[in-house]
Amino acid sequence: MIRERETKTQELIRRFKYNKSAVFGLILILFLVFIAIFADFIAPNDPTPSPPELENSLKPGFWSNEGLEGYPLGTDMLGRCILSRIIFGARISLTVGFIAVGIASILGIIIGVTAGYFGKWIDSLLMRIVDIIFSFPALLLAIVIVATIGQGLDKAMIAIGIVYSPQMARIMRGSVLYIKEMEYIEAQKAIGSKNLRIIFRHVIPNSLAPVIVYGTLMMASAILDAAALGFLGLGAQPPTPEWGAMLSESRLYIVSGAWWAATFPGIAIILAVLGLNLLGDGLRDILDPRLKT
Amino acid sequence: MKTWEYIVRRLLLLIPVLIGVTIITFVISHVIPADPAIAFAGGPKAQPETIERIREELHLNEPLLVQYFYYLNDLLHLNFGKSYLESRPVLESITQYFPATFELTIFAMLISVPLGILGGIISAIRRNKLSDHITRIIAILGYSMPIFWLALMLQYLLAYQFPILPLEGRLSIGLIAPQSITGLYVIDSILTGNINTLSASLYHLILPSFTLGFATMALLLRMTRSSMLEVMGMDYVRTARAKGLSERVVIMKHALRNALIPTITVSGLQFGALLGGAVLTESIFNWPGMGRFAANAVMGLDFNSVMGFTIIVAIIYVIANLIVDLLYAVIDPRVKLGGE
């Protein structure tokens with residue numbers, strides 16, 4: 001048994017290594033995780049100095065002679081080091097993405113398993129509710145929920161998690177419907193196992209692969225949407241170095257030529273989202289060859 | 001089942017969906033807030049008298065079910081309440097701002113759909129060649145890029161650093177809007193024969209519509225590419241090739257026609273998503289549409305306007321979905337009408 005499982009894992013790793021863009025995505029994400037964990041040691045300056053060093057306001061970075069020593073990506077309007085803020089921002093964005101997708105997965109798994117496993121009217125009812133939530137563009141629904149429950153990073157994470165849960169529920173339901181018909185589930189039923197035991201010991205563990213794949217892709221859009229909420233002033237509040245909020249604070253200075261303050265946080269968002277998208281696409285190709293495009 | 005029967009059935013099914021939509025907006029506006037009266041009054045800083053008046057107006061002291069029926073009744077009479085930022089009915093504001101958003105969304109589609117399909121075809125035909133790699137990189141950047149960042153970068157490059165396009169707005173300062181017939185400046189300018197406003201409004205549309213449509217273009221490109229690759233491996237395409245048809249005919253007549261069906265479906269669905277994206281794009285380009293109105297309402301705690309905008313967008317989204325489904329049934333005879 002153990003030997004067979006090993007070879008299967010080895011085969012997956014081999015297929016993963018062969019997928020260059022997935023490996024690139026994984027490296028990008030590991031790099032960002034590393035930065036996020038060791039932000040305190042890597043960042044050259046304090047991301048939120050108080051009082052603000054206004055005399056350093058909007059200084060360019062390494063590309064210009066007018067830049068300040070030790071501020072490679074320049075400073076924002078409050079004289080804060082953009083590079084350091086981006087490094088600390090990695091911590092925030094990755095956490096937001098992870099927790100939002102975590103909320104979406106837990107809700108989605110509960111709804112999806114209930115609908116898929118029990119079927120009948122429960123299934124119809126839950127799926128109609130899911131359909132109706134799909135009548136709202138996701139970002140808009142998140143905006144409305146945050147506008148209702150109040151702004152802040154924690155609220156933004158909850159809103160995004162709720163908005164993404166129907167998608168996860170559909171994915172989970174699909175895979176439960178497939179697993180439910182397997183012989184080993186029949187066997188469990190035949191020996192009289194309780195529903196809850198079957199669900200937790202057999203159904204959920206065997207239907208997690210798509211949750212991992214789509215969870216990775218969903219984390220990419222969660223980071224984008226959290227940045228959009230931050231940009232609208234609904235997510236992270238100042239002086240938190242959140243990438244979307246940094247962009248928003250700097251947008252007015254772009255037309256006076258200070259392009260760097262908004263450009264670099266945007267590039268950081270792209271790197272994180274790109275990494276997750278590439279990794280998610282790669283995982284999908286590996287774990288589900290039927291979907292290969 | 002005949003086509004018209006299917007259409008009638010789908011229209012009837014619209015009713016429960018719309019009721020569902022109103023239940024969700026009702027829950028968000030009346031159940032989730034700790035005190036809905038405060039939310040509707042514009043936040044905790046509102047006057048106690050205002051809060052009390054709103055509590056009366058919205059029947060917030062009644063049981064929830066009764067509140068819902070009052071709410072539904074208001075919606076049926078298109079009464080979305082009053083906008084606190086603009087001191088007029090929300091419906092009036094939305095009616096005024098809708099054409100600008102509609103024009104922007106249409107142009108975003110006009111840019112993104114042809115570019116996305118063309119890029120997808122090129123990518124599929126020249127698979128694994130340089131042009132395929134380039135288009136795929138554009139595609140993956142397209143949906144990894146925050147729309148507001150793209151907007152700011154384009155503004156910086158093309159309106160500030162190399163000022164060849166206008167920074168914001170719908171018309172140049174000093175120009176008077178064309179006489180309003182449809183509310184779409186481009187159409188109105190053509191109808192009234194006003195060359196100045198026509199060129200100015202087209203000029204102002206370029207950056208915001210490209211920005212808004214970029215992610216859609218990326219998505220369509222990716223979809224067209226994968227469905228082209230799938231179709232090109234099918235037997236009937238191989239047969240067409242074996243018959244000695246030129247590659248051009250095989251691709252244009254046999255492969256593309258079938259590959260486009262999923263792409264068209266997604267384009268329709270993207271129309272609704274674009275309305276959501278308009279909130280960000282319009283506030284950056286200072287585009288006087290309902291997206292900017294909604295963004296201002298969110299920041300100004302104008303709850304009535306936020307909810308009004310949300311309901312309108314959800315209804316447009318649902319109807320767009322329906323139209324796509326109906327078209328799909330007409331275009332593709334393989335779709336079994338009404339088959340469950």
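Below, chains carry the letters A, B, ... as their sequence lines are ordered, and counting in each starts from 1.
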Whatever's closer than 4.5 Å to a heavy atom in chain A on B:Ile24 counts as side chain
Report yes if the side chains of B:Leu157 and A:Trp259 come closer than 4.5 Å at any heavy-atom pair, otherwise no. no
Turns out that what part of A:Leu141 lies under 4.5 Å from chain B's heavy atoms comes down to side chain
Between B:Ala314 and A:Phe136, the two heavy atoms sitting closest are CB-CE2, 3.5 Å
From the list B:Ile147, B:Val318, B:Leu152, the residue making the most non-hydrogen contacts under 4.5 Å with chain A is B:Leu152
Turns out that what part of B:Ile284 lies under 4.5 Å from chain A's heavy atoms comes down to both
Distance col, row B:Ile315:CD1 vs A:Ser135:OG, nearest 0.5 angstrom, shows 10.0 Å
With heavy-atom distances below 4.5 Å as the criterion, would you say the side chains of A:Asp281 and B:Arg222 are in contact?
yes
Bottom line for B:Leu280: the part with an atom under 4.5 Å from chain A's heavy atoms is side chain
Against chain B, residues from residues 146-165 of chain A with at least one heavy atom under 4.5 Å, in numeric order, are A:Ala147, A:Thr148, A:Ile149
Short question: side chain of B:Trp149, backbone of A:Thr263 - any donor-acceptor pair under 3.5 Å? yes
Test A:Leu224 against B:Tyr143 for side-chain contact (heavy atoms from CB on, under 4.5 Å), laying out the working first. CA-CA 9 Å; A:Leu224 268 186; B:Tyr143 55 81; over 6 Å; no
Whatever's closer than 4.5 Å to a heavy atom in chain B on A:Phe231 counts as side chain
Given B:Val298, B:Ile32, B:Val21, B:Val17, the one with more heavy-atom pairs under 4.5 angstrom with chain A than any other is B:Val21
Among residues 23-33 of chain A, those lying within the under-4.5 Å heavy-atom range of chain B are none
Of B:Met299, B:Met307, B:Gln155, B:Met145, the largest count of non-hydrogen pairs under 4.5 angstrom with chain A goes to B:Met145
Turns out that what part of A:Ala227 lies under 4.5 Å from chain B's heavy atoms comes down to both
